[in-house]
Chemist: 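Next up is a structure, given as structure tokens.
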Number of protein chains: 2
Amino acid sequence: MDNEKVKELEFSLSMERFIQAELLLLLKQKPSHGYELIQRLNDSEFKSAEVDAATVYRNLRRMDKEGMIKSQWEVGESGPGRRLYKLTAQGEEHLIVWAQYIVQQKIKLENFLAAYLRFNQ
Amino acid sequence: MDNEKVKELEFSLSMERFIQAELLLLLKQKPSHGYELIQRLNDSEFKSAEVDAATVYRNLRRMDKEGMIKSQWEVGESGPGRRLYKLTAQGEEHLIVWAQYIVQQKIKLENFLAAYLRFNQ
DNA sequence: AATACTATATGCATGTTGCAAATAGTTGAG
DNA sequence: CTCAACTATTTGCAACATGCATATAGTATT
């Protein structure tokens, strides 16, 4: 476990940018564009509330700039142009860090719930 | 499960105010003041990084104002004055909602990890 | 021509955090 | 006695992420 990198995430994030992890995973499964990712997010098992489109587009642009994903403008046969995103090698590594971080967060929640239940019975 | 109330939390929080849940639980276990709560948080099983004092004090004041906890100024035999916090009935209810919310978040993380592992093997 | 759907981007107010710094009483070391 | 360290709380500020609303624009349907 690369605890150093998990620490880096810990530093600036709580659970806020969880959407990034979701997007990276979806893009690992298959390249996609923003609009489609929004639909896939709303279908996926790991969603809670309806996602906000602006948040998705903004996070995609950020990850693009940071090199985790790369985009390519597509003028399809129909509909407006769209930006097709693909996961990069760097993004794949980042997803691993995310997974480690999420494991830790899950443990944290479990510890909380254990303490909560222990005290409630 | 009171999904309406869990929804309310969902609305404005991601995982940011998780510290509130931790504080409510600690105060349910026993009344405490801010400085002590910081130490208890750093000892507790459900902590991740070192907690920031300002964040603790601010959240305590907020929850005080909102009626989830109530404070009482104490001039001890030694050391500077301190604010002793106790959990209120309303706070106890709120903690239940938090626990429900945390269960949901935990499931969300598990679903993510399941999808991640499924795709990685 | 009007409406709906696909598709992306941006502005703005709001809320939370971390760090730093201010304040202040108490205790212990030299 | 004085300086440092510890207990204890508060406030200011910049940074950041989000949600909602809005703008833009191409395409398809009625």
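To find a chain, count down the sequence lines: A is the first, B the second, and so on, and within it residues start at 1. Hydrogens, waters and symmetry mates are skipped; everything else that's a heavy atom, side chains included, is used.
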Chemist: Please state whether the rings of B:Y116 and B:F112 are parallel, tilted or perpendicular, taking 30° and 60° as the class boundaries.
Modeler: parallel

Chemist: Does B:K65, at its NZ atom, have more than 12 non-hydrogen atoms belonging to other residues, nucleotides or ligands within less than 6.0 Å?
Modeler: no

Chemist: What's touching nucleotides 8-11 of chain C from the protein side, N or O pairs under 3.5 Å?
Modeler:
{"from": "C:dT8", "atom 1": "OP1", "to": "A:R83", "atom 2": "N", "distance (Å)": "2.6"}
{"from": "C:dT8", "atom 1": "OP2", "to": "A:G34", "atom 2": "N", "distance (Å)": "3.2"}
{"from": "C:dT8", "atom 1": "OP2", "to": "A:Y35", "atom 2": "N", "distance (Å)": "2.7"}
{"from": "C:dT8", "atom 1": "OP2", "to": "A:Y57", "atom 2": "OH", "distance (Å)": "3.1"}
{"from": "C:dA9", "atom 1": "OP1", "to": "A:R61", "atom 2": "NE", "distance (Å)": "3.4"}
{"from": "C:dA9", "atom 1": "OP1", "to": "A:R61", "atom 2": "NH2", "distance (Å)": "3.2"}
{"from": "C:dA9", "atom 1": "OP1", "to": "A:R83", "atom 2": "NE", "distance (Å)": "3.0"}
{"from": "C:dA9", "atom 1": "OP1", "to": "A:R83", "atom 2": "NH2", "distance (Å)": "2.7"}
{"from": "C:dG11", "atom 1": "O6", "to": "A:R58", "atom 2": "NH1", "distance (Å)": "3.0"}

Chemist: Could you give the CG-to-C1' distance, from B:L41 to C:dG18, as a whole number of Å?
Modeler: 16 Å

Chemist: Please report the shortest heavy-atom distance between A:D64 and A:K70, naming the atom on each side.
Modeler: OD1-CA, 3.7 Å

Chemist: What is the distance, to the nearest angstrom, from the CG atom on B:D52 to the P atom on D:dA8?
Modeler: 18 Å

Chemist: From CE of B:M63 over to P of C:dG15, roughly how many Å is that when rounded to an integer?
Modeler: 18 Å

Chemist: How long is the line joining CD of A:E66 and P of D:dC16, in whole Å?
Modeler: 11 Å

Chemist: Please report the distance, rounded to the nearest Å, between CG in B:L37 and P in D:dT7.
Modeler: 15 Å

Chemist: State which residues pass side-chain hydrogen bond (donor to acceptor under 3.5 Å, both in side chains) with A:T88; sequence neighbours excluded, sorted by chain then number.
Modeler: none

Chemist: For the pair made of CD in B:Q39 and P in D:dA8, what is the distance, rounded to whole Å?
Modeler: 7 Å

Chemist: Rounding to a whole Å, what distance do you find between B:I19:CD1 and C:dG18:C1'?
Modeler: 12 Å

Chemist: Heavy atoms only: give me the nearest B:L41-B:E22 pair and the separation to one decimal.
Modeler: CD2-CB, 3.7 Å

Chemist: If you apply the rule side chain to side chain contact (heavy atoms under 4.5 Å, CB included), what do you find for A:F18 with B:K108, and how did you get there?
Modeler: CA-CA 11 Å; A:F18 182 60; B:K108 188 175 159 183; 3.2 Å; yes

Chemist: Report the distance from atom NZ of A:K65 to atom P of D:dC16, rounded to the nearest whole Å.
Modeler: 11 Å

Chemist: Heavy atoms from C-beta onward define the side chain here; which of C:dT17, D:dT18, C:dG18 lies closest to that of B:R62?
Modeler: C:dT17

